[in-house]
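From a predicted model like this one, the values you see are computed outputs, not experimental measurements. The figures here come from the full heavy-atom set of this structure, side chains too, leaving out hydrogens, waters and symmetry mates.
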Amino acid sequence: MPEALTATNDFVVKFANVNGSGSASANGLFAKSIMRMGIPIASRNIFPSNIQGLPTWFEVRVSGAGHLGRRGGVDLMVAMNPQTWDRDLAEIEPGGYLFYDSTRPIPQSKFRLDINVIGVPLTQMCNAAYTDPRQRQLFKNIIYLGALSALIGIEPAVVEQLLGEQYKGKERLAASNRAAFHMGRDWVAANLAPIGLRLERMDAISNRIMVEGNNAAGLGAVYGGATVCAWYPITPSTSLAEAFENWCRKFRTDKETGKKKYAIVQAEDELASIGIVIGAAWNGARAFTATSGPGISLMQEFVGLAYFAEIPAVIFDVQRAGPSTGMPTRTQQSDILAAAYASHGDTKHIVLFPQDPTECFEMGAAAMDLADRFQTPVFVLLDLDIGMNEWLCEPFKWDDARRMDRGKVMTAEELEAGREFGRYLDVDGDGVPYRTYPGTHPSKGAYFTRGTSRDRYAKYTEAGGAYVDNMERLLRKFATAKTHVPHPVERRSKVATRDGAIYIGSSSAAMDEALGALEADGIHLDALRIRAFPFHDGVMDFIARHDRVFVIEQNRDAQLRTLLMVEGNLDAARLVPVLHYDGTPITARFIRAAIAGRVKPARLGVAAE
């Protein structure tokens with residue numbers, strides 16, 4: 001046997017299963033039980049876009065230090081899918097562990113000599129205990145949960161409690177699952193010894209919660225005042241609209257009458273969805289849609305209308321791997337340019353980049369204010385990693401004294417008093433005009449909403465001067481937004497350095513860990529997490545202070561880097577792309593290796609050239 005890996009509360013377990021085999025429940029119990037022991041975890045589903053039969057994986061990062069990004073590599077592989085056996089074995093770290101069903105003999109040539117093999121006869125145990133084929137399959141998953149609990153030190157009482165909660169009111173099911181769990185646990189106790197990967201109870205969770213980004217964004221939309229959602233189902237954004245509906249049932253339903261104070265429309269396609277959102281927002285409602293890259297492609301013309309006619313709209317884009325259908329159940333950050341410059345002609349849109357479900361909640365609410373204040377589409381760019389995976393987060397916070405920012409809306413009283421109204425008139429010099437809601441006044445404040453060119457008073461014209469005047473005002477408005485969007489977050493190195501790193505969104509968790517690892521290697525970088533476009537002045541100031549800036553993103557074409565170069569008129573050589581785009585979430589190891597290969601360790605507190 002090779003020298004075995006040893007670690008306490010710091011390792012990666014990966015389950016390789018067949019989609020539709022019922023493994024998700026057992027794998028989820030595995031993750032929850034570790035968290036119930038007070039140990040931070042980060043879990044991720046990697047699943048196919050079909051319904052049943054293809055491979056699926058579930059990865060659990062156990063990190064007493066609290067790292068929530070993917071590390072890279074696997075310390076314990078639970079190999080339950082013969083189709084992916086070779087691929088799964090290749091991921092195991094030298095000295096790591098392979099857990100498999102040993103009922104049927106497997107040729108020695110199918111194993112690696114540098115890993116530790118743990119065989120448990122799961123199928124044999126199931127066949128002896130159960131006669132129903134479906135029971136054999138489902139309880140096999142619970143049996144391997146029991147076996148793993150004995151191998152790494154999961155407290156059995158914790159799993160029993162979770163089973164009781166899951167099957168509350170169904171004691172027969174709870175009892176049969178407990179029996180299967182102990183069947184696996186007892187077999188390991190009688191035949192094997194615990195392995196070098198161990199769990200020890202901690203108190204590192206506190207009051208943190210596990211929540212998906214889509215769920216958080218849906219709740220944020222509710223708190224942000226949204227009353228209309230129009231959407232068309234598409235992976236991985238569907239659960240965001242569903243979450244909004246669930247939260248609306250709780251918070252937007254009159255308790256006495258049962259009347260719903262919200263509207264949710266599943267439209268015939270994405271183009272219709274954004275059209276409904278624009279119509280609702282024009283009428284004064286706060287409205288949004290949830291979609292992914294293919295939906296953004298279809299929405300382009302209507303997004304241009306909302307930009308040019310200056311109508312609020314919020315678009316949650318849960319990014320996936322493209323182009324075209326691409327990989328619907330894989331993650332990327334590949335809609336950055338599509339969102340920033342959506343539609344034909346000259347457009348620029350506000351884009352928000354949440355890093356985790358907490359910011360999905362916060363930015364989901366903030367997007368509604370920004371859309372109203374600037375009378376424009378606002379994109380919230382999540383991705384599948386944030387949207388569909390549960391993240392360990394601080395509880396959401398909300399100030400009950402906060403009020404919606406509806407921006408510049410002229411009232412009937414102001415119109416009656418004779419205040420001048422020009423729908424596209426810039427009276428304050430910030431590029432943001434006043435608007436009215438339909439029916440504000442019986443004879444004043446009305447205007448024709450159009451996608452064609454017009455003057456400051458919304459009158460149709462093709463005069464070049466009026467068109468240029470309007471387009472330049474839109475740029476002033478966009479520049480004003482710089483100070484209102486979420487500001488970037490900077491992390492200064494402990495050692496003076498001329499090297500920097502810029503990143504966004506879900507790359508943050510892996511980036512935070514990578515920065516610590518690089519620092520331990522003697523490589524020091526200042527880091528800046530961009531949270532919104534238009535870029536705050538601090539972004540260009542950060543770049544100006546450094547000779548070289550690594551731009552870490554999850555797409556092939558360096559879209560964030562391109563946006564920085566275009567908006568800042570920057571030298572391409574100054575921005576070094578670090579690109580990860582295989583559809584899996586970026587890892588700390590990947591970032592560390594990519595940067596370490598280009599930077600020499602600092603000496604005497606000064607970064608090497």
Side-chain angles (χ1 to χ4, degrees), residues 67-70 333 336-337 340 351-356 359 381 482-483 485-581 585-609:
H67 297 306
L68 300 180
R70 288 186 71 224
Q333 297 171 333
I336 298 169
L337 292 175
V351 185
L352 308 182
F353 305 108
Q355 70 164 344
D356 60 13
E359 287 197 341
L381 258 60
K482 280 186 182 183
T483 59
V485 298
H487 292 188
V489 177
E490 183 172 355
R491 171 174 168 170
R492 292 283 184 105
S493 171
K494 297 177 182 177
V495 176
T497 178
R498 298 292 294 175
D499 286 319
I502 284 176
Y503 56 100
I504 59 170
S506 66
S507 300
S508 301
M511 189 68 200
D512 289 345
E513 183 179 358
L515 287 169
L518 288 165
E519 184 178 292
D521 294 339
I523 297 172
H524 302 276
L525 295 92
D526 295 327
L528 189 77
R529 178 167 68 88
I530 293 175
R531 299 202 295 158
F533 177 72
F535 300 128
H536 186 268
D537 289 341
V539 174
M540 296 307 163
D541 291 343
F542 177 88
I543 295 172
R545 298 200 316 265
H546 297 87
D547 298 330
R548 172 175 52 183
V549 177
F550 295 95
V551 183
I552 296 90
E553 49 188 311
Q554 299 183 60
N555 58 70
R556 184 196 69 179
D557 293 343
Q559 294 184 29
L560 177 61
R561 176 175 176 264
T562 298
L563 193 60
L564 287 165
M565 289 191 299
V566 171
E567 295 296 319
N569 194 24
L570 300 173
D571 179 6
R574 194 172 202 163
L575 302 180
V576 182
V578 175
L579 308 174
H580 183 278
Y581 52 91
I586 195 168
T587 68
R589 286 184 178 179
F590 176 88
I591 297 170
R592 179 184 183 182
I595 294 176
R598 295 180 173 97
V599 182
K600 295 179 181 178
R603 290 181 174 82
L604 302 178
V606 179
E609 292 295 322

- Message: Please check this pair: side chain of Arg531 against backbone of His487, looking for a donor-acceptor N/O pair closer than 3.5 Å.
- Response: yes
- Message: Using modelled atom types and a 3.5 Å cut-off, is there a donor and acceptor pairing between side-chain atoms of Gln559 and backbone atoms of Ile336?
- Response: yes
- Results of side chain to side chain donor-acceptor pair (under 3.5 Å) for Asn555 - residues two or more places apart only: Glu553
- Message: Show, in sequence, the C-alpha distance, side-chain angles and deciding distance for Val599 and Arg548, and conclude whether the side-chain contact (heavy atoms from CB on, under 4.5 Å) test is met.
- Response: CA-CA 10 Å; Val599 182; Arg548 172 175 52 183; 3.6 Å; yes
Heavy-atom side-chain proximity of [X] to [Y] below 4.5 angstrom:
{"X": "Ile530", "Y": "Ile502", "result": "yes"}
{"X": "Ile543", "Y": "Leu575", "result": "yes"}
{"X": "Arg592", "Y": "Asp521", "result": "yes"}
{"X": "Val485", "Y": "Pro534", "result": "yes"}
{"X": "Gln333", "Y": "Leu560", "result": "no"}
{"X": "Leu515", "Y": "Glu519", "result": "no"}

- Item | Straight-line distance of Leu563 CG to Phe535 CZ, nearest 0.5 Å | 4.0 Å
- How far does CE of Met511 sit from CD1 of Ile504, to the nearest 0.5 angstrom? 12.5 Å
Considering non-hydrogen atoms only, spot the tightest contact between [X] and [Y] and give its length.
{"X": "Pro354", "Y": "Leu381", "result": "CD-O, 3.4 Å"}
{"X": "Phe353", "Y": "Ala532", "result": "CD1-N, 3.7 Å"}
{"X": "Leu570", "Y": "Leu564", "result": "CD1-O, 3.5 Å"}
{"X": "Ala510", "Y": "Thr587", "result": "CB-C, 3.8 Å"}
{"X": "Leu525", "Y": "Ser493", "result": "O-CB, 3.5 Å"}
{"X": "Leu579", "Y": "Ala558", "result": "CD2-CA, 3.7 Å"}

- Would you please test Val539 and Leu528 for side-chain contact (heavy atoms from CB on, under 4.5 Å) and show each step? CA-CA 8 Å; Val539 174; Leu528 189 77; 4.1 Å; yes
- Query: Tell me, which pairs form a ring-ring contact (aromatic ring centres under 6.0 Å, His included) where one or both residues lie in residues 491-523, sequence neighbours left out?
  - Reply: none
- Item | Summary of salt bridge (charged side-chain N to carboxylate O under 4.0 Å, His left out) pairs that have at least one residue in residues 566-577, sequence neighbours excluded | Lys348-Glu567
- Message: So, using ring-ring contact (aromatic ring centres under 6.0 Å, His included) as the criterion, who are the partners of Tyr581 when residues are at least two apart?
- Response: none
- Tell me, please, which residues at least two apart from Phe590 pass ring-ring contact (aromatic ring centres under 6.0 Å, His included). His580
- Note on the structure: Applied to residues 536-546, the side-chain hydrogen bond (donor to acceptor under 3.5 Å, both in side chains) test, sequence neighbours excluded, yields Lys482-Asp537, Glu490-Arg545, Asp526-His546
- List in chain and number order the residues that pass side-chain contact (heavy atoms from CB on, under 4.5 Å) with Ala596, two or more places apart in sequence or in another chain; answer none if no residue qualifies. Leu518, Ile523
- Task: With sequence neighbours excluded, tell me which residues meet salt bridge (charged side-chain N to carboxylate O under 4.0 Å, His left out) with Arg561.
- Result: none
- Note on the structure: With sequence neighbours left out, the residues meeting salt bridge (charged side-chain N to carboxylate O under 4.0 Å, His left out) with Arg529 are Glu359
